[in-house]
Every structure is written in C-alpha cells, then in structure tokens.
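Keep in mind that the numbers below use all heavy atoms, side chains included, and drop hydrogens, waters and symmetry copies. Just so it is clear, the model here is predicted, and its values are computed rather than measured. Letters A, B, ... are given to chains in the order of the sequence lines, protein chains preceding strands, and every chain is numbered from 1.
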Amino acid sequence: MRSVEEQLKVIRRGVVQICEEGELREKLARGKRLRVKLGVDPTAADLHLGFTVVLRKLRQFQELGHQAVLIIGTYTAQVGDPSGRDKSRPQLAEETVMANAEKYLAQAGKVLDLSRVEVRYNGEWFKGMKFMDVIKLLAKSTVARMLEREDFSGRVSAGVPIYLHEIVYPLMQGYDSVVVGADVELGGSDQTFNLMMGRDLQRDAGQEPQVCITMPLLEGLDGVRKMSKSFGNYVGINEAPKEMFGKIMSVSDEMMWKYYELVTDVALEEIEEMREGVTEGGLHPMEVKKRLAGEIVRMYHGEGAAREAREEFERVFSAREVPSEMREVRVVPDGEGRIDVVGLLVKNGLASSNGEARRLIGQGAVELGGERVKELRVVAPREGEVVLRAGKRRFLRVIIERGGTT
RNA sequence: GGGGAGGUGGCAGAGUGGUCAAUUGCACCAGACUGUAAAUCUGGCGCCUCACGGCUACGGAGGUUCGAACCCUCCCCUCCCCA
C-alpha cells in the first residue's frame, strides 16, 4: 500500500471538501483497508458522466487498495432524495427501482472493478423496520436541523411544498453508514448534509464517524445547471460513440477544463499545461476539446470507437460533409416528378410537425442533395440517392424510385 | 378548524372582459460568422393550412356574456398567518 501522502494526493484530486482531512489521515495511517461507501439511488436506468465523477473517486480508492462499498438505494429511491431539488422527486415503484438497479450496476462496472465491490441494497435493512424503529430514527434529528439545508429553506421561502417523507431521507442515508460501518463516504457536494448525518448517527451508535468527501457537481452541456437527465443536458455513458463525442464538443471552452479534471485520467499537470497553451494561443481550444471527447469515448467504447467518432465529427462538422451512416427511406415522386419535402421531414423525425418543417425550409436549413430547398415540394432527380439534410445534425438518405405508371 | 394569497406555454414569470396563441428572460431550433454541436450576432419557437384562415390552450368542471386566461359557482392542489 502506498504512503499516506501518496494516497492523499490521489484522493484530493477534484474534491470539494474532505471532512475531516485530519481524520482521514489518521485512518490511512493505521494502514487498514478503509470501507469506502457510496450510495446511489437507481432513479433512472442510465448513468451519465456527472455521476461518474463520484464513481471514479470510488474507483481510485479501490486502486489504492481500499474496500468499495456500493449501496444501491432500492429503498431510498422510493423515498426520493430531496437534495438540491427545488421540488419533490416522484416516488418510484419498487419494480422500477429494481429494474433500474440492475442496469445501473452493469454500467457502474464500466468504471468500477465490480469483482471487488461490496454491493448492498438498502432495502435489506429498511424493509423489515417496524414503525417504532422508524420513530426512533426520526428522534435523532430535529426540524430546525433539517431546515438548515438550503434546498429545504429555499423551498419554504419559494412556497414549494416539502413533504415529511423527504425529511426522512437524510436519516436513511446516514443509517446506511451505520449499518455498513463506513470509514469514508463519498458524494456530490449537494450531498454534504446527508453525509454529515451519517457522522452524527455513527457517533450516536458508538462508531467512529466517517470521513465525508464531497465532489463537485459537474455542469451539464449547457454549462449552467448540473448534469441531469431531467435537464436533458447529460452525456450518458451508454450513448453511441459519435453522439457522445459530439455532445462533449458542445461543452463550452471554459467548462472543458473541469471535465478534464473530473471525468478523465489525464494528469493534472498535463491539463494545466494545455490550459496555459490555450491561454497563450499556441494551442487551439478545439484540439484540446477533441482530445477530451476522445478520452471520454475511449473510456467507455474503446480506442477504435474514439478514433472513428472523431473522424466522423470532423467529416460532418468541420468539413461539412455527410455522415458515413444514416437512415434510408425510399420515395416515389408524384406525377410531376416532385417530392414532398415537408412530409419527408416529418415522417422521418427530422422535424416534429409540418409547421416546423416549413419553418426549417423557410430558414434555409434544409438541403437536398447539396442544394438548398426553397419550396415545400421539390423536383426530384428521376432516380438514385440523395441526402436530405435539416440543420447541422439531421440527415436522411433518400432513395428516389421511378414513379409508377400514374 | 378560521383568515389570506396563489395555480398561465419545457422552466421562470407578465397579463385581470375584446387589440391574447398570450410581453419578457432562460432553455430549445435555425441562419450568419467561425475555431467546435464553443463564443457572438440575427431570426424562429402550439397544431392544421402554400396562403387567407381555422382549431386547441392559461389547475378541473360548470355558468354569466355577442365575446373570458381575465367575472361568478363548485371541485382539486400549494403556500402563508392564526388556532
């Protein structure tokens, strides 16, 4: 096992806060394998990059020889974590949660070494609790303490309801720590309160309190709000390579550094060098961003896919050519040899309504075979293939067939 | 239980009888430019229609009115104060 200082160097990368670092140092110095807990609620079936920030930290602990304890919050997911939310989370049905949990775990395996992870489902201990047990748990905290939280107090002043079950959530998460005897718990910075609750409950139970390590929340593609499925600003780790690559290219130049630090293994020193290179003008931000996109795609899809995704991106966006693959449809022109572009766009999902399709044409966003479409119906070549393009990203290969005997 | 405030487009938030498919901001889409699906600028942004126009929509259900997001009744939901 590496020295305490070496371990700390790895652990510190990208963290917001270690509470308390002194305690962590002590625990490490004892040389024992630490039990490092991460709780996840399988509220959705897909993992995204934002979530890998904290998963990767867990992975780093694994690599340092510690025991990763992954809590799948089958029970807490049914309550709904109020953290950082400006409204209540929907409560999920047990079947949904269990189905999600399975998919979740499979995806977490892309980051963690699952063979060395202790996986626990918190339904295991919550399911059998008696009401009186719940009451006893509730008696461990106070309303005032809960209202210290900014998300709760914010909701109070904004007039958004807070339901009582949401108040219980932090206690549940804290109780998980007691059950598994966590030495360290990881979480996003919005989890700080919940993590601290673990410390309180552990102390109350006569355990040594866990060290809480919080990670920054990764902003999504909009660069403003945290990455989240519900904001639609996420990059799923199961997404197709070229989709993933393109999405990462839409991260703003300023934000990409944070992505480098939090979701890649590129050394901090190297990131700093690149940043200086860009500031001084010798290094092109687009190149740096392409590398970022490549690094990330490689992690989840491999080297080959990363290269292809990059080539595809350069072809479509830099060279403005058409993608290598796209959907194909066959159309037969009408009696006058024209095709209905609007209908084609809508039927194939390139536009969501006829109105939008017309608008796109009006805005000059639609091309057929490289020619800008100006009419709603257009004279088509007699036969053969042409590419229909709507905007920068939507393509369709159209195979014109010879009109019948009409 | 009593009193007060409020529920508007993906979100925030105007509008309080016709001039409202509904100001504005964000998000989103497109164009221009470019160095990228960055940034910036410009335009667009319910559905049907080439268009004229029509239809559906302002928590839900009724009602008043020539006409309602706006007025009335009931219902549902939320917040605040008091008990």
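Summarising the base pairing, B:C29 is matched to B:G43 through a Watson-Crick or G-U wobble pair whose two defining distances lie under 3.5 Å. Across the strands present, B:U24 finds its partner in B:A12; the criterion is a Watson-Crick or G-U wobble pair with both atom distances under 3.5 angstrom. Pairing for B:C79 is with B:G4, a Watson-Crick or G-U wobble pair whose two hydrogen-bonding atom distances lie under 3.5 Å. Across all strands shown, B:U36 remains unpaired; no Watson-Crick or G-U wobble contact has both distances below 3.5 Å.
Using P as the reference atom, B:U23 and B:C79 are 30 Å apart when rounded to the nearest Å. For the P atoms, the distance linking B:C41 with B:G60 amounts to 38 Å, nearest Å. To the nearest whole angstrom, the two P atoms, one in B:C11 and one in B:G59, are 13 Å apart. One C1' atom belongs to B:C48, the other to B:A57, and the distance between them is 15 Å to the nearest Å. Going from the P atom of B:C55 to that of B:G67 covers 15 Å, rounded to whole Å. Annotation: B:A21 and B:U56 have their P atoms spaced 13 Å apart (nearest Å). Separating the C1' atom of B:C76 from that of B:C26 is a span of 30 Å, rounded to the nearest Å. Distance noted for atom C1' between B:A22 and B:G1: 40 Å (whole Å).
Contact annotation: the side chain of A:Arg199 approaches that of A:Met196 to within less than 4.5 Å [non-hydrogen atoms, C-beta and beyond]. Considering only heavy atoms from C-beta on, A:Thr52 comes within 4.5 Å of A:Leu49 through its side chain. In this structure the side chain of A:Arg12 reaches within 4.5 angstrom of the side chain of A:Glu21, judged on heavy atoms. Using a 4.5 Å heavy-atom threshold, the side chains of A:Asp200 and A:Lys140 count as separate.
A salt bridge does not link A:Glu325 with A:Lys242: every distance from a Lys NZ or Arg NE/NH1/NH2 to an Asp or Glu carboxylate oxygen is 4.0 Å or more. Salt-bridge check for A:Arg338 with A:Glu375: failed, with every basic side-chain N at 4.0 Å or more from each acidic carboxylate O. Salt bridge status for A:Arg2 with A:Glu63: absent, with no side-chain N to carboxylate O gap under 4.0 Å. Salt bridge absent: A:Arg275 and A:Glu254 never bring a charged side-chain N and a carboxylate O closer than 4.0 Å. Using a 4.0 Å cut-off between charged side-chain N and carboxylate O, A:Arg310 and A:Glu287 make a salt bridge.
For the pairing with A:Leu376, the side-chain contact (heavy atoms from CB on, under 4.5 Å) check across A:Leu345, A:Val366, A:Val342 returns one residue only, A:Val342.
A donor-acceptor contact shorter than 3.5 Å is absent between the side chain of A:Glu219 and the backbone of A:Met255. Counting only distance, with no hydrogens or angles, the side chain of A:Asn233 and the backbone of A:Lys226 share a donor-acceptor pair below 3.5 Å. A:Lys57 places a side-chain N or O within 3.5 Å of a backbone atom of A:Arg13 that can act as its donor or acceptor partner.
Within the 4.0 Å cut-off from OP1 or OP2 of B:A30, not a single side-chain nitrogen or oxygen of A:Arg393 is found.
Counting to the nearest Å, the P atom of B:A37 and the CE atom of A:Met249 are 8 Å from each other. If you take CG of A:Asn233 and P of B:C11, they are 16 Å apart, rounded to a whole angstrom. At whole-Å resolution of the value, CZ in A:Arg377 and P in B:U49 are 12 Å apart. Rounded to whole Å, atom C1' of B:G25 lies 15 Å from atom CG of A:Asp222. Rounded to a whole Å, the CD1 atom of A:Ile248 is 14 Å from the C1' atom of B:A38. Residue A:Glu356 contributes atom CD, which lies 13 Å from atom C1' of B:C47 at whole-angstrom precision. Spacing between atom CG of A:Leu360 and atom P of B:C45 amounts to 12 Å, rounded to whole angstrom units. Here B:G35 presents its C1' atom at 10 Å from CD of A:Glu287, a figure rounded to the nearest Å.
Nearest nucleotide to the A:Arg359 side chain, out of B:C47, B:U36, B:A37: B:C47.
Scanning residues 288-300 of chain A for heavy-atom distances under 4.0 Å to RNA chain B yields A:Lys289. For the segment residues 301-328 of chain A, residues with any heavy atom less than 4.0 angstrom from an atom of RNA chain B are, sorted by number, A:Phe313, A:Phe317, A:Ser318. Shown for residues 361-375 of chain A: residues whose heavy atoms fall under 4.0 angstrom of RNA chain B, namely A:Gln363, A:Gly364, A:Ala365, A:Arg372. Looking at residues 344-354 of chain A, you'll see A:Ser353, A:Asn354 sit with a heavy atom under 4.0 Å from some atom of RNA chain B.
Of the N and O atoms on the side chains of A:Asp133 and A:Tyr175, not one donor lies less than 3.5 Å from an acceptor on the other residue. A donor-acceptor pair shorter than 3.5 Å cannot be found between the side chains of A:Gln173 and A:Thr76. No side-chain N or O of A:Glu185 forms a donor-acceptor pair with one of A:Gln191 less than 3.5 Å apart. Side-chain contact check for A:Ser177 and A:Gln210: at least one donor-acceptor pair (N or O, by modelled atom type) lies under 3.5 Å. Side chains of A:Lys110 and A:Gln107: no donor on one and acceptor on the other come within 3.5 Å.
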Distances for protein N/O vs nucleotides 50-56 of chain B N/O pairs under 3.5 angstrom?
{"residue": "B:C50", "atom": "OP2", "partner": "A:Arg358", "partner atom": "NH2", "Å": "3.1"}

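Smallest separation of non-hydrogen atoms from A:Trp125 and A:Met129: O-CG, 3.8 Å. The minimum heavy-atom distance linking A:Leu105 with A:Leu114 is given by the pair O-CD1, 3.5 Å.
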(message) Across nucleotides 77-83 of chain B, 5' to 3', mark each nucleotide with B, S or - according to how protein heavy atoms within less than 4.0 Å reach it.
(response) -SS----
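Within 6.0 Å of atom NZ in A:Lys258, more than 12 heavy atoms from other residues, nucleotides or ligands are found, so the atom counts as buried in its surroundings.
Take the nearest nucleotide of RNA chain B for A:Arg394 and for A:Val251: the residue whose nucleotide is more 5' is A:Arg394.
Within the 4.0 angstrom heavy-atom criterion, only backbone atoms of the sugar-phosphate kind lie near A:Gly355; the bases stay farther away.
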